[in-house]
Amino acid sequence: MKYIDEFRDGDLARQIGARIAAEALPQRHYSFMEFCGGHTHAISRYGVLELLPPNVRMIHGPGCPVCVLPIGRIDLAIRLALERGAIVCTYGDTMRVPASDSLSLIRAKARGGDIRMVYSAADALAIARANPQREVVFFAIGFETTTPPTALAIRDAAREGLANFSVLCCHVLTPSAITHILESPEVRQLGTVPIDGFIGPAHVSIVIGSAPYDHFAEEYRKPVVIAGFEPLDVMQAILMLVRQVNEGRAHVENEFTRAVTPEGNLKAQALVSEVFELRPSFEWRGLGEVPYSALKIREAFATFDAERRFDLSYTPVADNKACECGAILRGVKKPTDCKIFGTVCTPENPVGSCMVSSEGACAAHYTYGRFRDIPIVAATAAATEEATP
Ligand code: SF4
């Protein structure tokens, strides 16, 4: 298959691994954060860690949209369905994230809530058109990748004068989260999370471009390499990061040139800024309140803002005490540090958000951990077999 198989070539992966091992200085350690859940998934699925020398370590970041969604936001969506009688539409993974009172959206559906899984914001809009007598709320989550379709749905609803459609907006922003991590005590003062550089997001960067990362490289002296989601993309990005560290450089480099440009998708950016503005603060699971890290709907589109329409107020809710998602999302702990990983908490019965989505660190470790001792080619074959019906 063109443009897929060539990025999963086991021999090439081993060659890049050998290059990384040859160029990584034996007297030093390298710690790189892969911000995105898509990279976490690729690293686990294709056994990338097995090809790295022991002194090159990867740290999971908070870039899984489902994982960073705080319980209080899911509670709001559940209340809209159970107490306000709204049809709540959202993406599949969001349905299973544990919320308060042992509920999740899917359990709330079992209790009679009209909660529907959709593949896009446009699907939610279609449901609103088909049910003019009902309130339809799109529970919108995700990073900059899923924000433009939500903006488009709101603008279309405004143009059509759709009176029963609104959006519970939980869209978050990548650059603010990276800044927050770099400013955290674990990175800045305690040194418990040593970060020598970042693998920058793939799909997010298609929208926002590579330019927004210049700040980290300059201000914090941290190299960033934007990479695609295939295993060779990730391997190549790690090699580029090792080279930057060795040469004392801190630049933004783009491995994913087949899709990412410095300026990004200007049309999508214009649409997003027409509909959304920055929120002064937003709670992230694991990171707490992060200033200017999320979007809210502009006054001009207030009628489509579910928070205003239903007069919702947000109440923070603590995570399950046994769950280490917060520390995992900050890069402080690994999934296997959690005492209930793989026993009480599994993808079938997730206790925390990191076990829900395939991009979550715990789900990726649980699903692909068994490939740890298998070479990348065998892992690819097994994964392909698994995906074939
Ligand atoms: S294994 Fe489950 S409970 Fe533990 S940190 Fe991961 S998601 Fe949370």
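Counting convention: from 1, in listed order, for ligands and their atoms alike.
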- Query: Have E135 and S166 got a donor and an acceptor in their side chains that come within less than 3.5 Å?
  - Reply: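 Side chains of E135 and S166: no pair found under 3.5 Å.
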- Message: Looking only at the side chains, is there a donor atom on one of Y91 and D123 sitting less than 3.5 Å from an acceptor on the other?
- Response: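 Checked: Y91/D123 side chains show no N/O donor-acceptor pair below 3.5 Å.
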- For Y292, is the NZ or CZ atom of R279 found under 6.0 angstrom from the centre of its six-membered ring and inside 45 degrees of the ring axis?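 The answer is no; the distance or angle limit is not met.
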- Query: With a cut-off of 4.0 Å, which atoms of ligand 1 are near a heavy atom of F341?
  - Reply: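 Those of ligand 1 that fall under 4.0 Å from F341 are 1 (S).
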- Item | Per-atom contacts, ligand 1 versus M355 - under 4.0 Å to a heavy atom |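 Selected atoms, number and element: 7 (S).
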- Of the non-hydrogen atoms in A268 and V207, which two are nearest, and what is the gap between them?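 Looking at all heavy atoms of both residues, the shortest contact is CB-CG1, 4.3 Å.
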- I340, portion touching ligand 1 at heavy-atom distance under 4.0 Å: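 For I340, the contact with ligand 1 is made by the side chain alone.
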- Task: Using a 4.0 Å heavy-atom threshold (strictly under), name the region of I328 that reaches ligand 1: side chain, backbone, both or neither.
- Result: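 Contact part for I328 vs ligand 1: side chain (C-beta onward).
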Look at [atom] and say which protein heavy atom is nearest, naming residue and atom and giving the distance to 0.1 Å.
atom	value
atom 5 (S) of ligand 1	E324 N, 3.2 Å
atom 2 (Fe) of ligand 1	C345 SG, 2.3 Å
atom 4 (Fe) of ligand 1	C338 SG, 2.3 Å
atom 6 (Fe) of ligand 1	C362 SG, 2.3 Å

- Just going by heavy-atom distances, which of P347, C323, G352, G326 is nearest to atom 8 (Fe) of ligand 1?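 The option holding the nearest heavy atom is C323.
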- Task: Could you establish whether A322 and ligand 1 come within less than 4.0 Å of each other, counting only heavy atoms on the residue side?
- Result: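 Outside the 4.0 Å threshold, so no.
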- Positive for side chain to side chain donor-acceptor pair (under 3.5 Å) with H60, one of H39, K334, H365: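 The passing option is H365.
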- Message: Tell me if the aromatic rings of H203 and F143 count as close, with their centers under 6.0 Å from one another.
- Response: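 Centroid distance H203-F143: not below 6.0 Å, so no.
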- Task: On the 0 to 90° scale, with breaks at 30° and 60°, tag the F304-F165 ring pair as parallel, tilted or perpendicular.
- Result: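 Taking F165 first and then F304, their aromatic rings sit tilted (interplane angle of 30° to 60°).
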